[in-house]
Q: 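Quick one: this structure, given as structure tokens, is what I'll be asking you about.
Residues take their numbers from the sequence shown, with the count starting at 1. When reading the values below, keep in mind they use all heavy atoms of this one structure, side chains included, and skip hydrogens, waters and symmetry mates.
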Amino acid sequence: MNLLPPLRSALRLLPSALPARQRQLSGQKATVDGISYLLPVNSEPSPVLMTAFPIDARAAAKLIPGEELHPFRLPGGRSLLVVTVINYLATDIGAYIEYSLALAVTRGMRPAPPLLPMLFQKTLNLGQYVVDLPVSTEISVKGGKGIWGMPKHQASLDFKVTEQTVSSAYELDGVKGALVEIERPAPTALPIKVGAVNYCSFRGMLYKSSIYFQGTADVSIGRQAKARLEFGDLPQVAGLAGLDFDPQPVFTLYIPDSHGVLDDHYEAWFQYGRDRAPYGGDGMDSVVGLGLGEEWPDPPRRGESRVQ
């Protein structure tokens, strides 16, 4: 029995994840740090690549600063390394690629039970802690980091789609950061309406921001999902590169037509530790001199595709 048609029908009935406030802001204008926005802060149809690999939860915990965030837990003491690459084709700040390398987390005074946050995302504060977030343009760094506290920095990125694969490479000054490649999932064409939470370190504080996506997703789960993830020698990825992640992804996802909205509301509070202050990200000096440039660095160099 083909379960896809009834699943598609059920998913179409779900309400939008976009808060009413964001819909009410439609057409309003704002200027923040010299960047002009037509609200809501959205993107036109843009392709998205996403996958996640199992990692040891205890090793992941060592990369998460402070006392409030904990690795999301799978059975068997595993957690997730999440890779998301978005090829933003049209936004208020121009076209750019965003390459997110993150750890799945929950927020609270103690770790959440395994898997339960998937059912109670808001109650158990499910999200991801963004370890590294290279982007293509200076203006994206200025906005994403200076306003929402994201660990953005400009780098050489690409986004390549073939009939067989979707992939993205990340380099900085000729040094490899990461390469992710997925075998294109079967055309499931599942309508999705989801919200996600990012936690980021900046100025010694923990920033929480929310993003909402709609689109048509092709998804592979379990053994049907095929992907590879390689890390290079950049210091920004050194902690992630040291993780012993399972090469078999939990899932792969490709959305050719995503519509995204980044909520203009965010929260920030002090990061703290009992013995010493935890890593708090870059300081304000890393953004004050940035301009509004939309130029991309030269594309990264890469070898041939070889998803196994």
Q: Around atom CD of Q224, are there more than 12 heavy atoms from other residues, nucleotides or ligands closer than 6.0 Å?
A: no
Q: Report the C-alpha separation of M150 and V130 in whole Å, then their side-chain angles, then the decisive distance to 0.1 Å, and conclude whether the side chain to side chain contact (heavy atoms under 4.5 Å, CB included) test is met.
A: CA-CA 8 Å; M150 301 173 181; V130 184; over 6 Å; no
Q: Applying the side chain to side chain contact (heavy atoms under 4.5 Å, CB included) test to F231, which of L179, L101, V180 qualifies?
A: L101
Q: As a quick check of understanding, evaluate side chain to side chain contact (heavy atoms under 4.5 Å, CB included) for R184 and S220, giving each step before the final call.
A: CA-CA 8 Å; R184 288 188 66 164; S220 288; over 6 Å; no
Q: If every non-hydrogen atom of H153 is compared with every non-hydrogen atom of Y170, which pair is closest and at what distance?
A: CE1-OH, 3.2 Å
Q: Scan side-chain atoms only and decide if Q214 and S16 contain a donor-acceptor pair under the 3.5 Å cut-off.
A: yes
Q: Tell me if a side-chain donor or acceptor on T84 pairs with a main-chain N or O of M50 at a distance below 3.5 Å.
A: no
Q: Do you know which two heavy atoms are closest between A30 and L39, and how far apart they sit?
A: CB-CD1, 4.3 Å
Q: Indicate the atoms forming the closest heavy-atom contact of T216 with P256, along with that distance.
A: O-CD, 3.3 Å
Q: Would you tell me whether E68 and Y199 have side-chain atoms, one donor and one acceptor, within less than 3.5 Å of each other?
A: no
Q: If you measure only the distance, is there a donor-acceptor pair under 3.5 Å linking the side chains of S140 and T137?
A: no
Q: Indicate yes or no for a side-chain donor-acceptor contact from S258 to the backbone of G215 under 3.5 Å, with no hydrogens or angles considered.
A: no
Q: Give a yes or no answer on whether the side chain of T31 reaches the backbone of G34 with a donor-acceptor pair at less than 3.5 Å.
A: no
Q: Taking all atoms of both residues into account, what is the closest heavy-atom pair of P40 and Q22, and its distance?
A: CB-OE1, 3.5 Å
Q: How far apart are the closest heavy atoms of T188 and R8, and which atoms are they?
A: O-NE, 2.8 Å
Q: Is the backbone of G177 close enough, under 3.5 Å, to the side chain of E171 for a donor and an acceptor to pair up by distance?
A: no
Q: Is any NZ, NE, NH1 or NH2 atom of the basic residue among K145 and D282 found under 4.0 Å from an Asp or Glu carboxylate oxygen of the other?
A: yes
Q: Ignoring hydrogens and angles, tell me if any N or O in the side chain of S46 forms a donor-acceptor pair with the backbone of E44 under 3.5 Å.
A: yes
Q: Applying the 4.5 Å side-chain criterion to the ILVMFWY set and letting contacts propagate, would L126 and L124 be lumped into a single cluster?
A: no
Q: For residues L133 and Y99, determine if any side-chain heavy atom of one lies less than 4.5 Å from a side-chain heavy atom of the other.
A: no
Q: Would you say I192 ends up clustered with L18 if hydrophobic residues are merged whenever their side chains have heavy atoms under 4.5 Å apart, either directly or through other cluster members?
A: no
Q: For W296 and L157, indicate whether the former's side chain and the latter's backbone hold a donor-acceptor pair under 3.5 Å.
A: no
Q: Any donor-acceptor pair under 3.5 Å linking the side chain of T123 with the backbone of F120?
A: no
Q: Tell me, do D56 and L243 make a side-chain contact under 4.5 Å, heavy atoms counted?
A: no
Q: Is S43 reaching over with its side chain to a backbone N or O of Y88, donor-acceptor style, under 3.5 angstrom?
A: no
Q: Is there a side-chain contact between E138 and E295 in this structure, where contact means two heavy atoms from C-beta onward sitting under 4.5 Å apart?
A: no
Q: Quick one: do K176 and E230 make a salt bridge, cutoff under 4.0 Å?
A: yes
Q: If we ignore hydrogens and angles and just use 3.5 Å, is the side chain of D33 paired with the main-chain N or O of I35 as donor and acceptor?
A: no
Q: What is the minimum heavy-atom distance between G149 and F202, and which atoms define it?
A: O-CB, 3.5 Å
Q: Is there a path of hydrophobic side-chain contacts, each under 4.5 Å between heavy atoms, that joins L38 and L262?
A: no
Q: Donor-acceptor pair, distance only, cut-off 3.5 Å: does the side chain of R73 make one with the backbone of A112?
A: yes
